[in-house]
Amino acid sequence: MKIKGQLSNTSALTTLLLVVLCCAFAGADTAAHPELLVSTDWLASRLNDANVVVIQVGDDRSDYDNEHIPGARFLSSDDFTTGHQGLMIELPPVEKLKQALEDVGISDDSKVVIYTTDWYPNAGRAFFTLDYLGHLKTALLDGSLAQWKSEKRALTADVPKIDKGRITPRVNESARALLADAKAATQPGPQVLLVDSRPQRRYTSGHLSGADHIFWEETVANPKRPVLLPPNELRNLFQSRGVVPGRKLITYCEIGLQASHMYFVARYLGYEASMFDGSFYEWNEVEHLPVVKGNSPR
């Protein structure tokens, strides 16, 4: 009878372990913040929802004028960055951001969906900007316009009538890392990890001390049709580069575009993240601070 009781206990323990493992694997297949990414199916079923504001971001309006997702509004990169002046692609004053976003119809209760026909990190930069302003109902369109077009979904050249929105900025300064934050993160043993989002050759030619490397293109199936990798694959990618859960991240790149995409991915996975707005340009070209050459973090 004693052996039978032991077998029964062992069976119960095995069952419990299997349940725990199943839950763990199920969690690994889900992002911590799945609401930050929407599918083409999701968007297609909500094109007539007045609360959903679809934004095409880019440098050149001509693509938008030619064709865009029905109901989408165009937001120029110049409207939410400082452009190629000063430190390059910095956050402009809050009031300018507020006006630009209200002009395309964004309000506090809007569900904003962002896509681009340009380089995909432009969409990430727009996401970062809205996150910085505290607009928490913002998502990227998975695969952007390339995925939408590959599925032969509706397009139009019609420009929608836009009612001016109303935004209450709730600035989240922790989303933006400044030079002092990046300097502190280069010191050995901090709780903050640096993530270099540039191509391997740029990382090798010189990076911030201690920075781990994840090129932004590694997070998507194809940079020309940028469908994000499944959450479990993204987690494995991060951890394989030393970017472990439970540590705050500061992402950087050349001027804050690739790093904005990596900021988005980190937020999607549940990391506490910020983006070094001045990035390598400020560190190297403006401040002339030391860099590490080669493929090792230090």
Side-chain angles (χ1 to χ4, degrees), residues 36-44 46-47 52-84 88-92 97 100-101 103-106 110-133 135 137-151 153-160 162 197-198 215-229 251 253-265 267-268 275 277:
L36 302 184
L37 188 73
V38 301
S39 68
T40 51
D41 279 342
W42 185 97
L43 181 57
R46 291 167 174 82
L47 288 181
V52 174
V53 177
V54 184
I55 301 294
Q56 177 173 320
V57 299
D59 298 327
D60 185 350
R61 189 187 170 101
S62 60
D63 284 345
Y64 172 84
D65 289 337
N66 183 50
E67 59 180 14
H68 52 262
I69 293 174
R73 299 96 188 267
F74 180 77
L75 182 65
S76 170
S77 300
D78 289 338
D79 291 332
F80 61 92
T81 73
T82 57
H84 293 273
M88 309 259 282
I89 315 296
E90 295 287 291
L91 283 166
L97 291 174
L101 296 174
D103 285 348
V104 293
I106 298 175
S110 301
K111 172 68 174 182
V112 180
V113 178
I114 301 166
Y115 74 91
T116 187
T117 58
D118 291 351
W119 197 37
Y120 193 53
N122 282 342
R125 180 73 201 201
F127 173 88
F128 164 77
T129 302
L130 280 154
D131 218 36
Y132 168 77
L133 281 182
H135 190 89
K137 297 179 180 179
T138 307
L140 294 188
L141 177 62
D142 199 15
S144 217
L145 188 65
Q147 182 67 18
W148 184 273
K149 291 176 71 172
S150 75
E151 296 167 353
R153 297 186 184 273
L155 294 166
T156 184
D158 296 339
V159 177
I162 299 174
S197 311
R198 301 175 299 160
F215 183 30
W216 80 268
E217 288 189 3
E218 297 180 83
T219 67
V220 295
N222 183 335
K224 293 183 179 180
R225 192 191 297 175
V227 174
L228 211 62
L229 295 179
T251 66
C253 58
E254 301 291 354
I255 55 175
L257 293 175
Q258 298 166 93
S260 291
H261 171 84
M262 197 60 69
Y263 170 87
F264 166 79
V265 176
R267 286 269 288 105
Y268 176 67
M275 194 274 289
D277 209 4

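Keep in mind that the numbers below use all heavy atoms, side chains included, and drop hydrogens, waters and symmetry copies.
Taking all atoms of both residues into account, the shortest heavy-atom contact from A259 to C253 is N-SG, 3.2 Å. Nearest heavy-atom pair, M275 versus S260, reported as atom, atom and distance to 0.1 Å: CE-OG, 3.5 Å. Closest of all the heavy-atom pairs between V104 and R73 is O-NH1, 2.6 Å. Across S197 and T251, no two heavy atoms sit closer than the pair OG-CB, 4.3 Å. The two residues L97 and D79 make their nearest non-hydrogen contact at CD2-O, 4.1 Å. Among all heavy-atom pairs drawn from A72 and Y115, the shortest one is CB-OH, 3.6 Å.
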(message) Pair S39, D142 - check side chain to side chain donor-acceptor pair (under 3.5 Å), show working.
(response) CA-CA 5 Å; S39 68; D142 199 15; over 6 Å; no
(message) As a quick check of understanding, evaluate side chain to side chain contact (heavy atoms under 4.5 Å, CB included) for V57 and D118, giving each step before the final call.
(response) CA-CA 8 Å; V57 299; D118 291 351; over 6 Å; no
(message) Assess the residue pair L257 and T81 against the criterion (side chain to side chain contact (heavy atoms under 4.5 Å, CB included)); give the C-alpha distance rounded to whole Å, side-chain angles, the decisive distance to 0.1 Å, and a yes or no.
(response) CA-CA 10 Å; L257 293 175; T81 73; 5.7 Å; no
(request) Apply side chain to side chain contact (heavy atoms under 4.5 Å, CB included) to the pair L130 and I114, showing each step before the final yes or no. (result) CA-CA 10 Å; L130 280 154; I114 301 166; 3.8 Å; yes
(request) Begin from the C-alpha positions of Y120 and E217 and carry the test side chain to side chain contact (heavy atoms under 4.5 Å, CB included) through to its verdict. (result) CA-CA 9 Å; Y120 193 53; E217 288 189 3; over 6 Å; no
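Aromatic ring pairs are classed by plane angle as parallel below 30°, tilted from 30° to 60° and perpendicular above 60°; the pair F264 and F127 is perpendicular. Ring planes of Y263 and F128: perpendicular class, angle over 60° (limits at 30 and 60°).
Atom-to-atom distance recorded for L101:CG and L133:CG is 6.0 Å, nearest 0.5 angstrom. Taking CZ of F74 as the reference point, atom CD of Q56 lies at 6.5 Å (rounded to 0.5 Å). S76 OG to N122 CG: the interatomic distance, rounded to the nearest 0.5 Å, is 10.0 Å. Atom CH2 of W42 and atom CG of L37 lie 11.0 Å apart (nearest 0.5 Å). Taken from OG in S77 to CZ in R125, the straight-line distance is 9.5 Å, to the nearest 0.5 Å. Here the straight-line distance linking atom CD of E254 with atom CZ of R198 works out to 4.5 Å at 0.5 Å rounding.
When atom types are taken as modelled, the side chain of W148 and the backbone of G143 share no donor-acceptor pair closer than 3.5 angstrom. Formation of a donor-acceptor pair under 3.5 Å by the D158 side chain with backbone atoms of P70 is not found in this model. Panel note: side chain T82, backbone E90; a donor-acceptor pair is recorded below 3.5 Å.
With a 4.5 Å cut-off on side-chain heavy atoms, T138 and L36 do not count as touching. Between P223 and W119 the shortest side-chain heavy-atom distance does not fall below 4.5 Å. Side-chain atoms of L155 and L145, non-hydrogen and from C-beta on, do get closer than 4.5 Å to each other. The side-chain heavy atoms of Y64 and T117, taken from C-beta on, include no pair separated by under 4.5 Å.
Under a cut-off of 6.0 angstrom, the local environment of NZ in K149 is sparse, with at most 12 non-hydrogen atoms contributed by other residues, nucleotides or ligands.
Side-chain N/O atoms of S62 and D60 include a donor and acceptor closer than 3.5 Å. Residues T40 and Q147 have side chains that never bring a donor and an acceptor to within less than 3.5 angstrom of each other.
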